[in-house]
Amino acid sequence: MYLYLSKILPLFVMPVGVALFLMLVAFFLLRRKRRHWASGVLGLAFVVLWVGSMPITARSLYGSLESRYPAVPVADLPQAGCVVVLGGVMEGAVPPRVDVELHESIDRVFKALEVYQAGKARFIVVTGGNQPWSKQALSEAELIRDLLLGWGVPRKSIILEGSSRNTRENAMYTRNAMSSINCQEALLVTSAAHMPRAVAAFGAAGVSVTPVSTDVRVADSGRPGVLDFLPDAGALQMTSDGLRELVGQWVYRWQGWN
C-alpha cells in the first residue's frame, strides 16, 4: 500500500495537481452561483501553474536540494570497499521497445563506472528492483549489470541487489550485499537532489557511506532574464521533481527512516 501511496500523494503538492484541485473547487463554486469566489480560485490556480512553470522557480527549488551534497571530482574521493549505485535510471525492453530505455538519471551508472575504473573501489553494488506494477522480466539491477558488463566491468566485480523498491529498501537490502563482500564503507552514487534522503536512509540502516553526487541538473546560468519568468514545460517537470523529493524527505522523517 505504501508504494502506491508514495506515487499518489505527491500529486497533491505538485503545481499541476494543485491547479487541477483548485479548478475543481472553482467548478463547484460556479455550480453554487458563487462566481466571485470561483473567479478568485481560478486565478489562484493560474498563479500556481505559472509560478511552478517558471525556470527561476525550478532552479531555486531543485538547486537547494542539490546543494546539500555538491559533486566532487573522482580523484578527490577516498578509497572504499565498494561503490553502491542506486537504480531508478532505466526501464526494460517492454513492447513495443526493442531496447532498454535510459532515463536522465543514467548519469548514476556512468559515475559508478568512472569511480570503479579510477580504482576507488573493487566492487560495484547495484541496487534496484521492480515495482509491483512493472511488466519487466528482469530487475533493474540486472539491467544495469548488463550495461556495466557491456562497458567492460568483470562480472565478478558486480554485486546485485534486485529486490528493493524504494530508497529505504535500497539501504536495508544493500547492507546484506555489502556484508557478502566484506565492504565496511561504500561510495554512494545517486542524483544530487536525491542524495540527502539516500544518505539519511543508509545512515539509519547502519551503512557508512561517502556521498558521490551526480546527475546535477541546475547549472549556474548567471543573472535571471525575461525567459526565466515565462512558463516552460521542462521547468514545470523540475519543480514537480523537486517537490516530490521534498515530500519523500518529509515522509522518511515522519516514519523514522532517516
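- Ring geometry, W250 versus W254: the interplanar angle falls under 30°, so the pair is classed parallel (tilted spans 30 to 60°).
- I144 and V83 fall within the same hydrophobic cluster, where Ile, Leu, Val, Met, Phe, Trp and Tyr residues are linked whenever their side-chain heavy atoms come under 4.5 Å apart, directly or through other members.
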**Prompt:** Would I159 and V126 satisfy side-chain contact (heavy atoms from CB on, under 4.5 Å), going step by step from the backbone distance to the final call?
**Reply:** CA-CA 6 Å; I159 310 301; V126 183; over 6 Å; no
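- One finds the CD1 atom of I56 at 12.5 Å from the CG atom of L61 (value rounded to the nearest 0.5 Å).
- Screening D107, V85, T190 for a side-chain contact (heavy atoms from CB on, under 4.5 Å) with T214, the sole residue that qualifies is D107.
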Practice task
Please lay out, stage by stage, how K120 and E114 fare under the test salt bridge (Lys or Arg N to Asp or Glu O under 4.0 Å).
Solution key: CA-CA 9 Å; K120 296 295 183 178; E114 184 183 6; over 6 Å; no
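- Around atom CH2 of W37, no more than 12 heavy atoms belonging to other residues, nucleotides or ligands sit under 6.0 Å away.
- Grouping the Ile, Leu, Val, Met, Phe, Trp and Tyr side chains by contacts below 4.5 angstrom, directly or via other members, places V51 apart from V41.
- In plain terms, the two heavy atoms of I124 and A112 that are nearest each other are CD1-O, 4.1 Å.
- Atom CZ of R32 is surrounded by 12 or fewer heavy atoms from other residues, nucleotides or ligands within 6.0 Å.
- The structure places CG of D232 at 11.5 Å from OG1 of T57, a figure rounded to the nearest 0.5 Å.
- Using a 4.5 Å cut-off on side-chain heavy atoms (C-beta onward), L65 and L246 make contact.
- The line from CE of M54 to CZ of F229 is 6.5 Å long, rounded to the nearest 0.5 Å.
- Between the CD1 atom of I158 and the CZ atom of F123 there is a distance of 11.5 Å, given to the nearest 0.5 Å.
- With a 6.0 Å radius and a threshold of 12 heavy atoms from other residues, nucleotides or ligands, R253 has its CZ atom above the threshold.
- Formation of a donor-acceptor pair under 3.5 Å by the R175 side chain with backbone atoms of G206 is not found in this model.
- Remark: the backbone N or O of S163 is paired with a side-chain donor or acceptor of E161 at under 3.5 angstrom.
- L86 CG to H194 NE2: the interatomic distance, rounded to the nearest 0.5 Å, is 6.0 Å.
- The shortest distance between side-chain heavy atoms of V247 and R244 does not fall below 4.5 Å.
- Nearest heavy atom pair, residue C82 against residue I181, reads CB-CD1, 4.0 Å.
- Of the possible polar contacts, none joining the S240 side chain to the M14 backbone as a donor-acceptor pair under 3.5 Å is found.
- The two atoms that bring Y116 and A121 nearest to each other are CD1-O, 3.5 Å, heavy atoms only.
- Taking 4.5 Å as the limit, every side-chain heavy atom of E91 sits out of range of all side-chain heavy atoms of V100.
- Of the possible polar contacts, one joining the Q136 side chain to the G92 backbone as a donor-acceptor pair under 3.5 Å is found.
- Under the 4.5 Å side-chain contact rule for hydrophobic residues, V74 and V72 share a cluster.
- Between the side chain of E101 and the backbone N or O of A93 there is no donor-acceptor pair closer than 3.5 Å.
- When only modelled atom types and interatomic distance are considered, S139 and E142 share a side-chain donor-acceptor pair under 3.5 Å.
- F110 CZ to L102 CG: the interatomic distance, rounded to the nearest 0.5 Å, is 7.0 Å.
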Exercise for the section: Run the numbers on T174 and M178 for side-chain contact (heavy atoms from CB on, under 4.5 Å), then give the verdict. Expected result: CA-CA 6 Å; T174 297; M178 290 174 57; 3.9 Å; yes
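- Scanning all heavy atoms of the two residues, the minimum distance from S180 to A177 falls at OG-O, 2.5 Å.
- In this structure, the side chain of Q255 does not engage the main chain of V251 through any donor-acceptor pair within 3.5 Å.
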inquiry  = Please determine whether side-chain contact (heavy atoms from CB on, under 4.5 Å) holds for the pair V209 and L187, giving the CA-CA distance in whole Å, both sets of side-chain angles, and the decisive distance to 0.1 Å.
reply    = CA-CA 6 Å; V209 298; L187 298 171; over 6 Å; no
For this session: Go through the steps to decide whether T127 and S164 satisfy the test side chain to side chain donor-acceptor pair (under 3.5 Å), and finish with yes or no.
Result: CA-CA 7 Å; T127 173; S164 57; 3.1 Å; yes
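- The shortest heavy-atom contact between A235 and A58 is O-CB, 3.3 Å.
- V199 is listed as a side-chain neighbour of P211, based on a closest heavy-atom distance under 4.5 Å.
- Looking at D228, its side chain does come within 3.5 Å of a backbone N or O of G225 through a donor-acceptor pair.
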Test side-chain contact (heavy atoms from CB on, under 4.5 Å) on L143 and V89; report intermediate values, then the result.
CA-CA 10 Å; L143 296 176; V89 302; over 6 Å; no
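- In this structure, F202 and V84 have side chains that are in contact, with non-hydrogen atoms separated by less than 4.5 Å.
- The side-chain heavy atoms of Y69 and P196, taken from C-beta on, include a pair separated by under 4.5 Å.
- With a 4.5 Å cut-off on side-chain heavy atoms, L188 and M195 count as touching.
- Under the 3.5 Å distance criterion, the side-chain polar atoms of S157 are left unmatched by any main-chain donor or acceptor of V153.
- Neither L29 nor M23 shares a network with the other; the hydrophobic side chains, linked directly or stepwise wherever heavy atoms of I, L, V, M, F, W or Y lie under 4.5 Å apart, form separate groups for each.
- Of the possible polar contacts, one joining the R108 side chain to the G87 backbone as a donor-acceptor pair under 3.5 Å is found.
- Counting only heavy atoms from C-beta outward, the side chains of F46 and L22 never approach each other to under 4.5 Å.
- The hydrophobic clustering, which links ILVMFWY residues whose side-chain heavy atoms are closer than 4.5 Å, places V115 and L148 together.
- Look at D215 and R217 and you find a salt bridge, because one of the NZ, NE, NH1 or NH2 atoms lies within 4.0 Å of a carboxylate O, short of that distance.
- A donor-acceptor pair is defined here as one N or O able to donate and one able to accept, closer than 3.5 Å; such a pair exists between the side chain of E66 and the backbone of V218.
- The two residues A201 and T167 come nearest to each other via the heavy atoms CB-CG2, 4.1 Å.
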